[in-house]
2 protein chains.
Amino acid sequence: MTAPRRVIASAVDRLGRAFTIDDLVAEVRALAPSVGIATVYRAVAAMEAAHAVERVGTRDESALYVRCTADGHHHHLVCTGCGLVAHATCPLDDVPPLHGTEGFVVTAHELTLYGLCAGCATEVSPASELPRS
Amino acid sequence: MTAPRRVIASAVDRLGRAFTIDDLVAEVRALAPSVGIATVYRAVAAMEAAHAVERVGTRDESALYVRCTADGHHHHLVCTGCGLVAHATCPLDDVPPLHGTEGFVVTAHELTLYGLCAGCATEVSPASELPRS
DNA sequence: TTACATGCAAAGGATTTGCATCTAC
DNA sequence: GTAGATGCAAATCCTTTGCATGTAA
């Protein structure tokens with residue numbers, strides 16, 4: 001575990017919300033200005049392989065990630081106002097089969113929930129956007 | 001409605017499965033070799049705006065699309081073996097709240113189901129992969 | 001006609017990689 | 001000492017855009 005990796009990991013923790021590589025680079029460089037972009041990309045790839053972060057889509061042509069604190073099968077609830085992320089249990093666990101499957105055997109699914117967090121829900125402007133993919 | 005648009009639309013129909021722009025360009029050029037890549041990108045963007053196709057993720061760094069035949073809110077079931085796509089009703093319609101939301105108001109969700117179609121489920125090798133995002 | 005579609009090539013932008021150097025263990 | 005990490009710059013590759021031309025209505 002090298003110093004840049006430590007800085008990157010703590011930057012992800014400190015962000016506490018969905019982030020792009022650019023977001024993360026900015027956060028990292030606030031503390032360690034010399035860290036290269038390639039290093040951040042490589043660190044995020046490693047964290048993704050280790051299930052420490054998960055890609056939840058795309059924002060402005062860039063990959064969007066969230067820190068994955070929960071173990072096992074779960075999903076993410078992303079606030080479209082501020083990017084805050086919460087974990088949610090899988091609502092499909094209780095849903096038996098699936099309609100319209102036409103002989104399909106479902107082996108996996110991807111689910112991301114979007115909404116407004118308690119803070120953003122009470123604000124005036126419903127905020128702009130966040131993801132796309 | 002120009003000739004290239006017509007060719008592209010029918011190519012999407014003929015594919016009948018999840019496709020990348022490259023897949024579509026190949027299919028289009030089998031019939032109309034002179035069609036430019038930019039035209040395909042523009043046509044797909046128009047079809048996406050018209051809800052005729054939907055982006056369901058990424059495969060090999062390229063956007064992955066499916067043709068959207070159903071109206072209204074629905075999801076897609078993508079065969080990881082052959083890319084065949086089926087439509088599925090939303091299994092979350094029946095699921096009331098959500099656990100672990102911590103004050104979140106859910107306004108939208110993205111769900112894509114993966115599995116094996118009837119044909120691929122009976123084959124020997126479970127096939128490789130398909131999406132990523 | 002008149003606005004929109006097309007094709008080509010160039011541009012843009014995120015992400016990856018080569019390589020020499022450095023660092024953790 | 002050695003494998004892996006780093007940083008820089010160059011390279012990749014998907015996607016978009018400028019522009020002159022073509023085409024549908």
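This structure is a prediction, so every number in the text was calculated from the model and none was measured. Per chain, numbering begins at 1; letters A, B, ... match sequence-line order.
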Residues which pass ring pair (Phe, Tyr, Trp, His ring centres under 6.0 Å) with A/His73, listed by chain and number, not counting sequence neighbours: A/His75, A/His109
Atom-pair distance ([atom1] on [X]; [atom2] on [N]), nearest Å:
X: B/Ile21; N: D/dC13; atom1: CD1; atom2: C1'; answer: 14 Å
X: B/Ile8; N: C/dC4; atom1: CD1; atom2: C1'; answer: 15 Å
X: A/Arg55; N: C/dT15; atom1: CZ; atom2: C1'; answer: 10 Å
X: B/Met1; N: C/dA5; atom1: CE; atom2: P; answer: 10 Å
X: B/Arg59; N: D/dC14; atom1: CZ; atom2: P; answer: 12 Å
X: B/Glu61; N: C/dT17; atom1: CD; atom2: C1'; answer: 13 Å

Output side-chain donor-acceptor pairs under 3.5 Å for residues 38-45 of chain B, partner residues at least two apart or in another chain, one line each.
none

Any A/Arg5 side-chain nitrogen or oxygen under 4.0 Å from OP1 or OP2 of D/dG4: no
Parallel, tilted or perpendicular, as decided by the 30° and 60° cut-offs, for the rings of A/His87 and A/His74: tilted
Those residues that, when tested against B/Arg17, pass side chain to side chain contact (heavy atoms under 4.5 Å, CB included) (two or more places apart): B/Leu15
With A/Ala30 via side chain to side chain contact (heavy atoms under 4.5 Å, CB included) - residues at least two apart: none
Shortest side-chain distance from A/Thr2, nucleotide among C/dT6, C/dA24, C/dT15: C/dA24
Sugar-phosphate only, base, or nothing, as touched by A/Ala63 at under 4.0 Å among non-hydrogen atoms: sugar-phosphate
Nucleic acid contacts - residues 27-54 of chain A versus DNA chain D, non-hydrogen atoms under 4.0 Å: A/Ser34, A/Val35, A/Gly36, A/Ala38, A/Thr39, A/Arg42
Counterpart residues, side chain to side chain donor-acceptor pair (under 3.5 Å), relative to B/His51 (two or more places apart): none
5′-ward residue of the pair B/Tyr65/B/Arg6 relative to DNA chain D: B/Tyr65
